[in-house]
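The shown structure was predicted, so the numbers you read here are calculated from the model rather than taken from an experiment. Here is how names work: the chains are called A, B, and so on, in the same order as the sequence lines, proteins then strands, and each is numbered from 1.
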There are 2 protein chains.
Amino acid sequence: MEKYQKIYSDLLKALRDNVYQPGDYLPSDGQLVIRYQVSRETVRKAVKTLANDGYVQRLPGRGSVVLDRKHFVFPVSTLESYREMVAQANLDASNDVIVIKQNVPVPENLTGGDSPVLSTLVVRRRWVDGEEMVIDYDYVNQAVIDHVPHTAAKNSLFDYFENQLGLQIDYAVKRMTVEKGNIEDRQLLHIDEGMSMVVIRSETRLSDNRILSYTESRHRADRFTSVEFARRHK
Amino acid sequence: MEKYQKIYSDLLKALRDNVYQPGDYLPSDGQLVIRYQVSRETVRKAVKTLANDGYVQRLPGRGSVVLDRKHFVFPVSTLESYREMVAQANLDASNDVIVIKQNVPVPENLTGGDSPVLSTLVVRRRWVDGEEMVIDYDYVNQAVIDHVPHTAAKNSLFDYFENQLGLQIDYAVKRMTVEKGNIEDRQLLHIDEGMSMVVIRSETRLSDNRILSYTESRHRADRFTSVEFARRHK
DNA sequence: ATTCATAACCTGACTAGTCTAGTCGTGAAA
DNA sequence: TTTCACGACTAGACTAGTCAGGTTATGAAT
C-alpha cells in the first residue's frame with residue numbers, strides 16, 4: 001500500500017473510532033512526518049484527502065480540525081459500496097436477487113445514446129430495516145466481465161469487482177430524477193399507485209476508462225435521503 | 001493568483017471553448033512544465049484537480065484524456081453559483097426576490113439541532129426557461145454579514161459574498177429529500193396540490209469554518225434533475 | 001509477416017528542502 | 001493592567017529532483 005494511503009486509512013480509522021472527536025485537532029503535519037518517517041508532501045496528501053472527503057478542515061496557522069459529521073451519513077456522491085454505506089449508518093440491510101440474465105442490451109436512456117453495449121442484467125431488491133426500499137438494475141458490461149456469480153450479486157457487486165476480480169473502479173456519473181412509480185416498482189416494493197420514485201441512473205468506469213456497468217436505482221421517494229459534501233476547491 | 005490555479009483555469013477555459021474535445025489528450029505534464037515554467041508537482045496539482053472535477057482522466061503511460069461531459073451539466077454537488085450553473089447549461093434564468101427580513105432565527109430542521117443562529121432571511125423564486133421552478137430560503141448568518149442588499153439577492157448571493165465581500169466559501173453539506181408541496185409552494189410556483197417537491201437543505205461554511213448560511217431550496221420534483229460526478233479516490 | 005527488445009514517452013509516488021503567511025502564547029515594555 | 005513584539009508552530013505553495021511502472025512506436029531479428 002502507498003504511504004499516503006496508509007496514513008489516510010490510519011487517520012480515518014482513528015476518526016471512526018472517535019480517537020479524534022469533532023473540534024479536536026489531528027496531529028500536525030510535522031508530527032505526522034515524524035511519526036510515519038515520510039516527507040511532508042506525503043502527509044499533506046493524506047490529510048488533504050481527508051479534508052476533501054469532509055472529515056477535517058485544514059486551518060492555516062492552526063491545524064486540521066475534525067468536522068462534525070453527525071448529519072451526513074448516506075451519501076449518493078461517494079463511490080462506496082452499498083454495504084459500506086449501510087454499515088456506517090448502522091442500518092440493517094439485505095438483498096433479494098430477482099434475476100440474473102445474460103446478453104441484455106443496455107437501454108438507451110442509460111447509455112445516453114452511446115454505442116450499444118451487451119450486458120449481464122442483475123435485478124435486485126434492497127431491504128433496509130425490514131422495509132423494501134430500492135430496486136437496482138445493474139447492467140454489467142460483458143466485454144469486461146463475462147459472468148456474474150449469484151453469490152456476488154447476493155453480497156455486493158462492487159466488492160466482487162474490486163476485491164475478487166481486482167478491477168480498479170475510478171468514477172461514476174449519476175443522474176437523479178423523480179418519477180412516478182411503474183408496475184414493477186409497485187409489485188416489488190408493495191407501494192401504492194401514485195407513489196413517486198427517486199431514480200438514479202449511473203455509469204461506472206474503470207481507471208482505464210472502460211465502462212464497467214450502467215445502473216438504474218429506483219428508491220421509494222418517501223424514504224429517500226441523500227447527503228452531499230461539496231468542497232469549493234480541491 | 002497561484003500558479004496551479006492559473007494553469008487550472010487556463011485549461012478549464014480551453015476545455016469549455018472546445019480547444020480540447022472529448023477523447024483528445026491534454027498537453028502532457030512535461031509539456032505544461034515547459035509552457036508554464038513551473039515544477040511538475042505544480043502541473044500535476046492543476047491537472048489532478050481537473051480530473052477530480054470530472055473534466056479529464058489521467059491514464060498512466062498515456063496522458064490526460066478529455067472526458068465526455070455532454071450528459072452532466074447541472075450538478076447539485078459542485079459549489080458553483082446558480083448563475084454559473086445555468087449559464088453553462090445554456091438556460092434562461094431569473095430571480096424574484098420575495099422578501100428580505102432581518103433577525104430571523106434559523107429553523108431547527110436546517111441547523112440540525114446546533115446552537116440557534118440569527119439570520120437575514122432571503123426568500124427568492126427562480127425561473128428557468130419561463131417556468132417558476134424553485135423557491136429558495138436563504139438564512140444568512142448575521143454574525144458574518146450584517147446586511148444583505150436587494151441587488152445582491154436579485155443577482156447572486158454567492159457572487160456577492162465572494163467577489164464583493166471577499167469571503168472565502170469553503171464547503172457545503174446538502175441533504176436532499178422528496179416531500180409533498182406545501183401551501184407556499186403551491187402559491188409561489190402555481191402547482192397542483194399533491195405535487196412533490198425535491199427539498200435540498202444545506203449549510204455553507206467559510207474557510208475559517210464559520211457558518212455563512214443555511215439554505216432550503218424547494219424544487220418542482222417533476223422538473224428536477226441533478227448530476228453527480230464521483231471519483232473513487234482523490 | 002511476425003515477434004520482440006528497446007527507447008521515448010507518460011503518470012504516480014515520494015523526497016527534502018525553501019519561502020510565505022497565519023495563529024498563538026509568552027514575556028517585556030508602557 | 002494593557003499592549004505589543006517576538007518566537008514557535010501551523011498550513012499553503014512551490015521546486016527540482018528520483019524511482020517505479022505502464023504505453024507506444026520503432027526497428028532489428030526471426
Side-chain angles (χ1 to χ4, degrees), chain A residues 1-11 20 23-52 55-67 166-171 205-210 231-234, chain B residues 1-11 20 23-52 55-67 166-168 170-171 206-210 231-234:
Chain A
M1 193 195 280
E2 287 84 12
K3 294 182 182 180
Y4 81 95
Q5 292 269 9
K6 166 73 175 153
I7 301 171
Y8 172 86
S9 60
D10 280 3
L11 290 173
Y20 308 109
D24 289 356
Y25 283 83
L26 290 188
S28 72
D29 289 4
Q31 286 173 292
L32 291 172
V33 163
I34 293 163
R35 182 183 304 177
Y36 285 96
Q37 293 291 301
V38 296
S39 72
R40 206 186 130 216
E41 283 298 330
T42 302
V43 165
R44 289 195 71 219
K45 199 159 159 185
V47 184
K48 197 76 192 302
T49 307
L50 285 173
N52 285 341
Y55 290 97
V56 301
Q57 179 151 16
R58 306 262 290 168
L59 300 173
R62 284 194 268 177
S64 302
V65 69
V66 177
L67 296 180
L167 293 174
Q168 287 263 26
I169 294 164
D170 197 64
Y171 70 90
R205 298 209 179 222
L206 299 173
S207 53
D208 59 8
N209 211 20
R210 280 183 302 166
R231 218 170 251 291
R232 189 109 176 95
H233 276 131
K234 319 262 152 118
Chain B
M1 193 196 279
E2 287 84 13
K3 294 183 184 181
Y4 81 95
Q5 292 269 10
K6 166 72 175 155
I7 301 171
Y8 172 86
S9 59
D10 280 3
L11 290 174
Y20 308 109
D24 289 356
Y25 283 83
L26 290 187
S28 73
D29 290 3
Q31 286 172 292
L32 291 172
V33 162
I34 293 164
R35 182 182 304 179
Y36 285 94
Q37 292 291 299
V38 295
S39 72
R40 206 185 130 217
E41 283 299 328
T42 301
V43 165
R44 289 194 71 218
K45 199 158 158 186
V47 183
K48 198 75 191 305
T49 307
L50 286 174
N52 285 340
Y55 290 98
V56 301
Q57 179 149 15
R58 305 263 290 167
L59 299 173
R62 284 194 268 176
S64 302
V65 70
V66 177
L67 296 180
L167 294 173
Q168 287 262 25
D170 198 65
Y171 69 90
L206 300 173
S207 54
D208 59 7
N209 210 21
R210 281 183 302 166
R231 251 216 163 66
R232 190 108 175 96
H233 276 130
K234 321 262 153 122

With side chain to side chain contact (heavy atoms under 4.5 Å, CB included) as the test, would you mind laying out the steps for A/R231 and A/N52 before giving the verdict?
CA-CA 7 Å; A/R231 218 170 251 291; A/N52 285 341; 3.7 Å; yes
For B/N209 and B/Y171: C-alpha separation, side-chain torsions, deciding distance, then whether side chain to side chain donor-acceptor pair (under 3.5 Å) applies.
CA-CA 9 Å; B/N209 210 21; B/Y171 69 90; 2.9 Å; yes
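Taking a heavy-atom distance under 4.0 Å as the criterion, the stretch of DNA chain D touched by chain A extends 5' to 3' from D/dT10 to D/dC14.
Under a 3.5 Å cut-off, the side chain of B/T42 and the backbone N or O of B/V38 do not form any donor-acceptor pair. In this structure, the side chain of A/R205 does not engage the main chain of A/I169 through any donor-acceptor pair within 3.5 Å. Side-chain atoms of A/Q57 come within 3.5 Å of backbone atoms of B/S207 as a donor-acceptor pair (strictly under, hydrogens ignored). In this structure, A/Q5 contributes its side chain and A/E2 its backbone to no donor-acceptor pair below 3.5 Å.
Residues satisfying the salt bridge (charged side-chain N to carboxylate O under 4.0 Å, His left out) criterion with A/R58, sequence neighbours excluded, are A/D29.
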Let me have a per-nucleotide readout for nucleotides 3-14 of chain C, 5' to 3', with B, S or -, counting only protein heavy atoms under 4.0 Å.
-------BBBBB
